[in-house]
Amino acid sequence: MQKPIFLDTTLRDGEQTPGVYFTHDEKIHIAKALDQIGVEIIEAGIPSMGYEERSCLKALRQLNLKAEILSWNRLLEVDVKNSLEAEVTAIHVSVPTSDLMIEKKMGKKREWILSQMETVFAFAIREGAILSFGAEDASRTNPAFLKHIFQSAQDLGAKRVRFADTLGIMTPLQVAESIAYLSDGLSIPIDYHGHNDFGLATANALSAWENGAKVISCSVLGLGERAGNTSIEEFAGILRYLKGTMPDFDFVTLKKLCNDIASWTGSAIPDRKPIIGENIYSHESGIHVDGILKEPSTYEFFSPELMGERRRLVLGKHSGRKAVRYLAEERGYSITDGLIDEFLCDMRSRMARSGNVDATALFERYLNFYGERRM
């Protein structure tokens, strides 16, 4: 399958994470890094928020990146004007399309959306804008009405439409059925924008792509409202290692960007975070370590070096003889089977009693007292 177009929304939806904001310089850094790793579209902000936001968007445009700089807007002429003032011509306009949101949030009727689309699209295109259209709460929108809305957006001149699972309530099968249904008869790309409220954002994004969505919205570390969005590092990992569509993707730069953003937002990356977690290349179990020492691919689907990382063998309750011998030899010691068994028995006994045991420090003491230093 053809690789999807990456639309990164870290600077827009990601910054809508409660308590998260990026400085002007941080936004420049993020945009450059995203461009370096090959993100095609950067959804960079909301011009209607004010002068500072427009100033930053203008600066991003002036970087002349390969990536398209996209602004997010309500389906209002004034928002489009704000985008144009920021010198952004790739403009995304969004409106709720579910009956719940149309009536309860907007106080409108379905007919208002179609009329407003005609007005705003005509103005924006006349002013030279390249439009994409987003259906907020698409996952709770009547399918036939949504299909009509997307077809209307295409007829009015949109170059792309967005299906937003705003509350992250869909399953991969539901996504597959929806995207396949909406794609039929549509000649412009669908952008799938998923949220992670039930932990399904990455799986849903994969399903959307496999069933016709050519653009996938995502964010670094899955930042976004509530439980966040599709994680770019997870989705890219799937495409690279399970689908084989991106053989040269720069995960080293992406991981550095993840670490930078985690530092700026004060949110530590979980040690077991898929693809980029610090401990996902750590091995303790004797059975696993035995396999790793014989052939790394037995328990590592891809090399840690591809992420700029290295493999770590960790001493613990489940360690076996081969791991202990390997770690002793790595430190320049020869160690007997009897001493290995004594160490393992002592370590496990201590762990059973207190649970708070520094296995590495205990091992070093054993080596210093009983190990034989190799010449």
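These values consider heavy atoms only, across backbone and side chains, with no hydrogens, waters or symmetry-generated copies.
Looking at residues two or more places apart in sequence or on another chain, you find a side chain to side chain contact (heavy atoms under 4.5 Å, CB included) between Glu26 and Phe22, Thr23, Trp264. Under the side-chain hydrogen bond (donor to acceptor under 3.5 Å, both in side chains) criterion, Ser207 pairs with no residue, sequence neighbours left out. Applying the side chain to side chain contact (heavy atoms under 4.5 Å, CB included) criterion to Tyr21, with sequence neighbours excluded, gives Glu15. In this structure, Phe145 has no ring-ring contact (aromatic ring centres under 6.0 Å, His included) partners at least two apart in sequence or on a different chain. With sequence neighbours left out, the salt bridge (Lys or Arg N to Asp or Glu O under 4.0 Å) criterion links Glu300 to Arg311. Residues meeting the side-chain hydrogen bond (donor to acceptor under 3.5 Å, both in side chains) test with Glu85, sequence neighbours left out: Arg54.
Membership of the apolar cluster around Ile5 extends to Leu7, Ile41, Leu70, Val215, as traced through chained side-chain contacts below 4.5 Å between ILVMFWY residues. Counting Ile, Leu, Val, Met, Phe, Trp and Tyr side chains that sit under 4.5 Å apart, directly or through other members, Ile130 stands alone, with no cluster partners. Residue Met49 shares its hydrophobic cluster (ILVMFWY side chains chained together at separations under 4.5 Å) with Ile46, Trp72.
Both tests hold for Lys81 against Phe123: distance to the six-membered ring centre under 6.0 Å, angle to the ring axis within 45°.
How far NZ of Lys147 is from OG of Ser152: 12.0 Å, rounded to the nearest 0.5 Å.
Relative orientation of the Trp209 and Phe235 rings is perpendicular, given thresholds of 30° and 60° on the angle between their planes.
Residue pairs satisfying the salt bridge (Lys or Arg N to Asp or Glu O under 4.0 Å) criterion with at least one member in residues 271-285, sequence neighbours excluded, are listed as follows: Glu233-Lys273, Glu234-Lys273, Lys255-Glu278. Applying the salt bridge (Lys or Arg N to Asp or Glu O under 4.0 Å) definition to pairs two or more places apart or across chains, those involving residues 237-248 are Glu210-Lys243. Applying the salt bridge (Lys or Arg N to Asp or Glu O under 4.0 Å) definition to pairs two or more places apart or across chains, those involving residues 171-194 are Arg162-Asp191.
Between Tyr241 and Phe251, the ring center distance clears the sub-6.0 Å criterion.
The shortest side-chain heavy-atom distance between Leu239 and Pro4 falls under the 4.5 Å cut-off. In this structure, the side chains of Glu329 and Ser334 stay at 4.5 Å or more apart for every pair of heavy atoms.
Side-chain N/O atoms of Tyr333 and Asn368 include a donor and acceptor closer than 3.5 Å. One side chain, Ser83 or Asn73, offers a donor N or O that lies under 3.5 Å from an acceptor on the other.
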